[in-house]
There are 2 protein chains.
Amino acid sequence: MRGGKPTIDDVAALSGVARATVSRVLNGGPNVREEVRQRVLKAVDKLQYKVNMQARFLAGGKTQVLGLVYASDLDSEPNSFYHSGLELGALRGCAEAGFQLLMHTVNQHSLGKTAKIIELVDSRRCDGLILTPPFSDDCDLLRELEARNCPVVCISPGLAAQKVASGVGIDDEVAGYEMTRYMLSLGHKKFGFIKGLEGHLSAEERYSGFRRAIAEAGIGEADVTVMRGNFTFRSGVDLTAAILGNGHRPSALICANDDMAVGALFSAHKVGLNIPQDLSIVGFDDTPVSEIIWPPLTTVNQPLKTIGYRAVEMIVERIKAGKTASGPLPVRFDVVPHKVVMRESASPPQG
Amino acid sequence: MRGGKPTIDDVAALSGVARATVSRVLNGGPNVREEVRQRVLKAVDKLQYKVNMQARFLAGGKTQVLGLVYASDLDSEPNSFYHSGLELGALRGCAEAGFQLLMHTVNQHSLGKTAKIIELVDSRRCDGLILTPPFSDDCDLLRELEARNCPVVCISPGLAAQKVASGVGIDDEVAGYEMTRYMLSLGHKKFGFIKGLEGHLSAEERYSGFRRAIAEAGIGEADVTVMRGNFTFRSGVDLTAAILGNGHRPSALICANDDMAVGALFSAHKVGLNIPQDLSIVGFDDTPVSEIIWPPLTTVNQPLKTIGYRAVEMIVERIKAGKTASGPLPVRFDVVPHKVVMRESASPPQG
DNA sequence: TTGTATGCGTTATCAT
DNA sequence: ATGATAACGCATACAA
């Protein structure tokens, strides 16, 4: 121990045992007398010894680090409640599993987006990756990761990606269907729908569910206005303004996420509409904004923290399985329950 | 190269040079002929060789990882726009500086909170730490970190902590003063103030600025109602309900952060008040919610992304300085500019 | 039950 | 300009 921090050898020397024995007690290994164990522990305490994770991981080939990657456009505000919820759940899962969480954002429009992610695993900075949309829908990326047999869990992947890698999420098609059924039950007959970004397949599923319900109800094409947004508040504002301006105003407006729904609310307020009397507006996700806005937003609850938590559970499972040489775990998709939560932004149409 | 990934030795062998030479070209070292350099590069490319960061860092004693720690109560929703902004800025800084960002939450009420943070550096998982409130005000923690000479940068530390470790933030006292002056200029004479959590010294500074302006204006104690909240939307709702219910209603309500201001808005709406005609409500931070709420919130802009970005710049500086043995950098506090942004939730009092 | 020896993949320090 | 070799601090297979 030449001035620096104490090493395992210092502990071994002080407690009069071999390095391997110290390693055993540190890792809860078998075959160590209680007396020796205590002696080692005492030395550890006396020296204030801490394992050097760098060394442990180099020797063991692990990192105990999980990477959470999400898309960010530096210009557009991130969907921060969405990501925060996921992150918080993942963080909690990591704490329980003894992992650390490495955040990684990549601009979804940059050229080397895939390379940046691949490099993370090639350079051995983490043992596994949690991918959020739209990366969780990038089958090419998924396959590259699989080739390196890097454990991966996708958040809300679309149908195609679900066959390539494991994932967690709600059943978005059913969620879209149920929300629409609810609006139908309220008596609405003219609809507006603001979709999310292209390529976010799970959000697209929401739209599919909407179409199914609409078709079943026999609503004609003339009575539905569809717009494509990009999940941001601003796109909700702008598209709603467009919808309200075109004369053929719907009585119900369904948005593919809460941020856009809040934007819609904003736009409607601006032109003096009363919500929900003049227009019902609903969203998806049940992020915290939906509760703090006025009127409180009717939306579909997607348990983001649970999803983030479950994602690390799944990935840790896969990492362990990978080590036991029992072969890779089969790909699977975990469905967590959603729920339409009725608040005050939707009501029967009036007038 | 026995089946696993190629190592530096494989590259050395293929290009017919020594390991050290490969290391030189990889790290842009001097003393290597251009011809050799090309040969090595070609081998690297052919083998698809990637540096194993684990090994590099063990050998070099670095990790190229920064830890960002923030408080979380599992029960209360996190102040996610606040943290997201910081995180996004930090992430961008990390990308530019070649660092990775490790997220770490710790329950601020748990016993071992300090130990959890210390362990992060003792086990050498990161080269430096960015602390957010209230940890950025924990002088004991700061000193323990300094003893381990772990580079630290605090986000919005209070006056005491500013002397112990470097930090970044706005001048909260002046911000509080200016906001209050603005309300005064609007003609308000009866104030309500909802403070943040105790121990968040920077938020407390906001309150000091408020008191200074109030005193200067000669407003009497009878005309100011002060409550202590905890930064959450809910506390804003509850405390505002209490304030509105006590008869002596203020015409202006200042909240120590936006979330509470939004809660105040919610509460006011609920009892049928018109904002800002019946009551002016303002916040602090200018998080995205303040723009999407109705009416748009008058607040103080705190450039969170810039602060997060600046924090990693500062810490990277300190890490580099630490390596060059030129002695530790002096403690300093970087003030970034704030700005009161006037939107629609505040107006002259009416009636 | 415990100790020995070797490997992990780099960087860094000397030689040459 | 290049090469040999020693750290770096731990895990682990194998020997005792």
Side-chain angles (χ1 to χ4, degrees), chain A residues 1-41 43-44 47-64 121-125 127 323-325, chain B residues 1-41 43-44 47-64 121-125 127 323-325:
Chain A
M1 178 163 135
R2 321 143 316 285
K5 303 232 176 142
T7 75
I8 193 173
D9 285 325
D10 296 318
V11 177
L14 180 57
S15 46
V17 300
R19 184 198 298 172
T21 301
V22 176
S23 181
R24 281 191 199 94
V25 344
L26 255 32
N27 297 297
N31 296 339
V32 43
R33 258 185 313 167
E34 186 56 24
E35 180 227 329
V36 174
R37 171 185 196 71
Q38 291 305 329
R39 193 144 36 98
V40 171
L41 254 23
V44 165
L47 261 36
Q48 282 291 311
Y49 167 76
K50 310 285 183 204
V51 177
N52 179 325
M53 294 300 179
Q54 311 247 132
R56 167 175 290 183
F57 300 152
L58 174 57
K62 323 190 166 199
T63 65
Q64 294 292 102
V121 351
D122 273 346
S123 61
R124 292 210 167 58
R125 298 198 82 124
D127 294 341
K323 295 297 171 183
T324 59
Chain B
M1 177 165 136
R2 321 144 316 286
K5 303 234 175 142
T7 75
I8 194 174
D9 285 326
D10 296 318
V11 176
L14 180 57
S15 47
V17 300
R19 184 195 299 171
T21 301
V22 177
S23 182
R24 280 191 198 96
V25 343
L26 255 32
N27 297 298
N31 295 339
V32 42
R33 258 183 312 166
E34 185 55 24
E35 179 229 328
V36 174
R37 173 185 195 69
Q38 291 305 330
R39 193 147 33 101
V40 171
L41 254 23
V44 165
L47 261 37
Q48 283 289 312
Y49 166 78
K50 311 284 184 206
V51 177
N52 178 326
M53 294 300 179
Q54 310 248 133
R56 166 175 291 181
F57 299 153
L58 173 57
K62 322 189 165 197
T63 65
Q64 292 293 103
V121 352
D122 273 346
S123 61
R124 292 212 167 55
R125 297 197 82 124
D127 295 340
K323 295 296 170 183
T324 58

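Throughout, protein chains are lettered first and strands after them, A, B, ... in sequence-line order, and every chain is numbered starting at 1. Bear in mind the structure is a predicted one, so any value in this text is a computation, not a measurement.
For the pair A/Leu47 CG and D/dG9 C1', the computed distance is 15 Å after rounding to whole Å. Atom pair B/Gln54:CD and C/dG7:C1' shows a separation of 15 Å (rounding to whole Å applied). In this structure, the CZ atom of A/Arg37 is 14 Å from the C1' atom of C/dT1, given to the nearest Å. Whole-Å rounding puts the A/Asp122 CG to C/dT10 P distance at 12 Å. Rounded to whole Å, atom P of D/dC8 lies 20 Å from atom CZ of A/Phe57. Between B/Arg125 atom CZ and D/dC10 atom P there is a gap of 14 Å when expressed in whole angstrom units. Look at CG on B/Asn52: it is 10 Å from P on C/dT11, rounded to the nearest Å. Counting to the nearest Å, the C1' atom of C/dT2 and the CD atom of A/Glu34 are 16 Å from each other.
Between A/Leu26 and B/Val36, the residue anchored closer to the 5' end of DNA chain D is B/Val36, taking for each the nucleotide with the nearest heavy atom.
Of the candidates D/dG9, D/dT2, C/dT10, D/dG9 carries the atom nearest the A/Thr7 side chain, counting heavy atoms from C-beta on. Checking D/dT2, C/dT10, D/dG9 against the side-chain heavy atoms of A/Leu58 singles out D/dG9 as nearest. Here D/dG3 is the nucleotide among D/dA11, D/dG3, C/dT11 with the atom lying nearest to any side-chain atom of B/Ala18.
For B/Thr21, no side-chain nitrogen or oxygen approaches OP1 or OP2 of D/dT2 to under 4.0 Å. A sub-4.0 Å separation between OP1 or OP2 of C/dT1 and a side-chain N or O of A/Asn31 is present. Contact check, A/Arg56 against D/dG9: no side-chain N or O comes under 4.0 Å of OP1 or OP2.
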Is there a side-chain contact (heavy atoms from CB on, under 4.5 Å) between A/Val44 and A/Leu26 once you walk through the steps? CA-CA 9 Å; A/Val44 165; A/Leu26 255 32; 4.2 Å; yes
Show your working on side-chain contact (heavy atoms from CB on, under 4.5 Å) between A/Gln48 and B/Asp122 and close with a plain yes or no. CA-CA 10 Å; A/Gln48 282 291 311; B/Asp122 273 346; 5.8 Å; no
Before giving the answer on side-chain contact (heavy atoms from CB on, under 4.5 Å), spell out for A/Thr7 and A/Asn52 the whole-Å C-alpha distance, their side-chain angles and the decisive distance to 0.1 Å. CA-CA 8 Å; A/Thr7 75; A/Asn52 179 325; over 6 Å; no
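Here the shortest heavy-atom pairing between B/Val22 and B/Ala12 reads CG2-CA, 3.6 Å.
Note that CZ of A/Arg124 and OG1 of A/Thr63 are 10.5 Å apart. Values are rounded to the nearest 0.5 Å. Interatomic distance, CZ of A/Arg56 versus OG of A/Ser23, reported as 7.5 Å (0.5 Å rounding). Atoms CZ and CZ, on B/Arg33 and B/Arg39 in that order, are 7.0 Å from each other to the nearest 0.5 Å. A distance of 14.5 Å separates NZ of B/Lys50 from CD1 of B/Ile8, quoted to the nearest 0.5 Å.
Between B/Phe57 and A/Leu58, every side-chain heavy-atom pair lies at or beyond the 4.5 Å cut-off. Side-chain contact between B/Val36 and B/Arg24: absent, with no pair of heavy atoms (C-beta onward) separated by less than 4.5 Å.
For the helix from C/dT1-D/dA16 to C/dT16-D/dA1, the terminal axes (five pairs an end, C1' atoms, rotation from four pairs onto the next four) enclose an angle of 40°, given to 10 degrees.
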Taking only nitrogen or oxygen atoms into account, show me every contact under 3.5 Å that the protein makes with nucleotides 12-16 of chain C, one pair per line with its distance.
none

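Using a 4.0 Å heavy-atom criterion, one finds that A/Lys62 contacts no nucleic acid atom at all.
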